[in-house]
2 protein chains.
Amino acid sequence: MKLDEAKDKFIQQWGSLGSNWGINRTMAQIHALFLITEELLSAEDVMETLKISRGNANMNIRTLIDWGLVYKEYQSGERKEFFRGEKDIWKVTQRVMRTRQRQELDPMINVLAQLQTVESDKKNKKEVEAFTKQIKSIKSFADLADRSLTKISGSEENWFLKTFMRFMK
Amino acid sequence: MKLDEAKDKFIQQWGSLGSNWGINRTMAQIHALFLITEELLSAEDVMETLKISRGNANMNIRTLIDWGLVYKEYQSGERKEFFRGEKDIWKVTQRVMRTRQRQELDPMINVLAQLQTVESDKKNKKEVEAFTKQIKSIKSFADLADRSLTKISGSEENWFLKTFMRFMK
DNA sequence: CTATACTTTCAGTAATTAATGAAAGTTTGT
DNA sequence: ACAAACTTTCATTAATTACTGAAAGTATAG
């Protein structure tokens with residue numbers, strides 16, 4: 001396979017992976033491009049390579065920066081902004097975990113906490129008990145996931161690999 | 001909060017969580033309904049509770065069965081099918097992991113394997129090396145994730161909790 | 001201060017994804 | 001074998017989500 005073909009294939013596959021996981025295809029493709037590009041890229045470069053509009057490129061690069069997957073850098077002598085992708089796949093994973101934990105797990109946990117107290121009367125006592133029990137069990141699980149993610153996404157790769165490999169044996 | 005209000009809130013929240021993770025809102029809502037319903041439900045029940053069409057209910061219940069999150073059961077004396085949701089949140093997690101591993105991680109790993117061999121000529125030698133190195137590093141990570149998921153999704157909750165809690169300490 | 005080089009926003013539009021419901025298919029009881 | 005009771009499919013329609021591009025906004029150099 002030729003290099004350009006391989007790069008394109010990687011970008012497409014990463015894009016489709018992203019879109020299956022609720023991350024828009026273009027954002028995932030831009031991220032893929034940054035993952036396999038050593039050099040700094042400008043918004044223009046991204047637009048041209050992926051054939052997307054200025055607005056689209058700008059918005060998604062911005063989101064990638066928010067997620068901590070892309071960094072803004074300045075080239076001396078150049079007026080425009082350049083960007084560099086985080087290459088370390090372990091760091092990438094940690095940052096994706098963190099972002100999604102904040103955006104999705106934490107709100108879920110809040111709602112679950114609220115749902116633990118439901119009014120009960122003589123008519124539906126049994127039903128309320130069953131509901132509350134199930135919500136509590138989901139909440140416990142979500143709390144465990146939350147603590148785990150916090151620990152994992154704050155840990156060094158070395159620690160993680162060492163301990164995790166032992167765990168997985 | 002009233003019970004019905006709480007149930008509805010749970011269904012909505014689970015639906016929105018799902019849709020953020022690339023699972024269609026209705027499928028996630030049906031799943032939520034099954035998670036908090038002790039009794040058997042018919043397709044009709046689901047249609048009425050969630051105000052969705054017959055086709056929609058049927059297709060998504062089917063997918064939930066494929067994922068192993070809902071079971072088909074027959075009521076004696078009744079001609080129509082009834083369904084029961086898997087309540088154990090640990091099992092639910094394992095099955096979601098398994099399904100997504102099959103549907104998304106495995107294809108990604110296959111593509112990464114292909115991308116490891118890229119033709120090189122004197123002009124782009126350096127570039128090809130850098131690309132291959134990065135792909136290899138992503139592939140190793142994906143392989144680790146794959147092995148971990150296989151192990152976790154085949155393990156007992158007890159084993160998992162015991163070992164994982166030690167790991168997380 | 002002002003012209004230029006850039007970045008950001010956002011209303012309108014396009015593309016994608018999901019839902020409907022009627023028709024076709026299947027199963028079961030008599 | 002037939003009819004009733006139910007399930008599945010799928011073409012059409014609706015809803016959602018993402019993209020474009022022009023206009024507005026901002027920063028910098030001279």
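To find a chain, count down the sequence lines: A is the first, B the second, and so on, and within it residues start at 1. Keep in mind it's a predicted model, so treat the numbers as computed, not measured.
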Subject >> Closest nucleotide among C:dT7, C:dT8, D:dA18 to the A:R62 side chain >> reply: C:dT8

**OP:** Specify whether A:F10 and B:F131 have parallel, tilted or perpendicular ring planes, treating 30° as the upper limit for parallel and 60° as the lower limit for perpendicular.
**Re:** perpendicular

Original post:
Below 3.5 Å, does any donor atom in the side chain of A:R79 face an acceptor in the base of C:dT4, or the other way round?
Top reply: yes

Subject >> Pairwise distance CG(A:L33) to NZ(A:K7) - rounded to 0.5 angstrom >> reply: 8.0 Å

**OP:** Could you please name the option among D:dA18, D:dC10, D:dG21 that lies closest to any side-chain atom of B:M59?
**Re:** D:dC10

**OP:** Look at the rings of A:F141 and B:W90 and say which category their plane angle falls in: under 30° parallel, 30 to 60° tilted, over 60° perpendicular.
**Re:** tilted

**OP:** Determine whether B:L3 and A:E127 make a side-chain contact, defined as any pair of heavy atoms from C-beta on separated by less than 4.5 Å.
**Re:** yes

**OP:** Take atom CE of B:M27 and atom C1' of C:dT17, then tell me their distance rounded to the nearest Å.
**Re:** 15 Å

**OP:** Starting from P on D:dT28, measure out to CD on A:E78 and report it in whole angstrom.
**Re:** 14 Å

Subject >> Atom-pair distance (CH2 on A:W21; P on D:dT17), nearest Å >> reply: 18 Å

Original post:
What is the distance from NZ of A:K51 to P of D:dG21, rounded to the nearest Å?
Top reply: 15 Å

Original post:
How do B:G22 and A:F82 order along DNA chain C: which one's closest nucleotide is nearer the 5' end?
Top reply: A:F82

Original post:
Is there a donor on the side chain of A:R25 or the base of D:dA18 sitting less than 3.5 Å from an acceptor on the other?
Top reply: no

Original post:
Has A:N58 got a side-chain N or O lying under 4.0 Å from the OP1 or OP2 atom of C:dT7?
Top reply: no

**OP:** Using atom NZ of A:K80 as one end and atom P of C:dT4 as the other, report the distance to the nearest whole Å.
**Re:** 18 Å

Subject >> Contact nearer the 5' end of DNA chain D, comparing A:I52 with B:E44 >> reply: B:E44

Original post:
Taking B:K139 for the side chain and B:V111 for the main chain, is one N or O donor matched with an acceptor at less than 3.5 Å?
Top reply: no

Subject >> side-chain N/O A:N24 vs D:dC19 OP1/OP2, d < 4.0 Å >> reply: yes

Original post:
Separation of A:N60 atom CG from D:dC19 atom P, in whole Å?
Top reply: 6 Å

Subject >> Rounded distance (Å) that lies between atom C1' of D:dC10 and atom CZ of B:R54 >> reply: 16 Å

Original post:
Taking CE from B:M47 and P from C:dT20, how many angstroms apart are they, rounded to a whole number?
Top reply: 9 Å

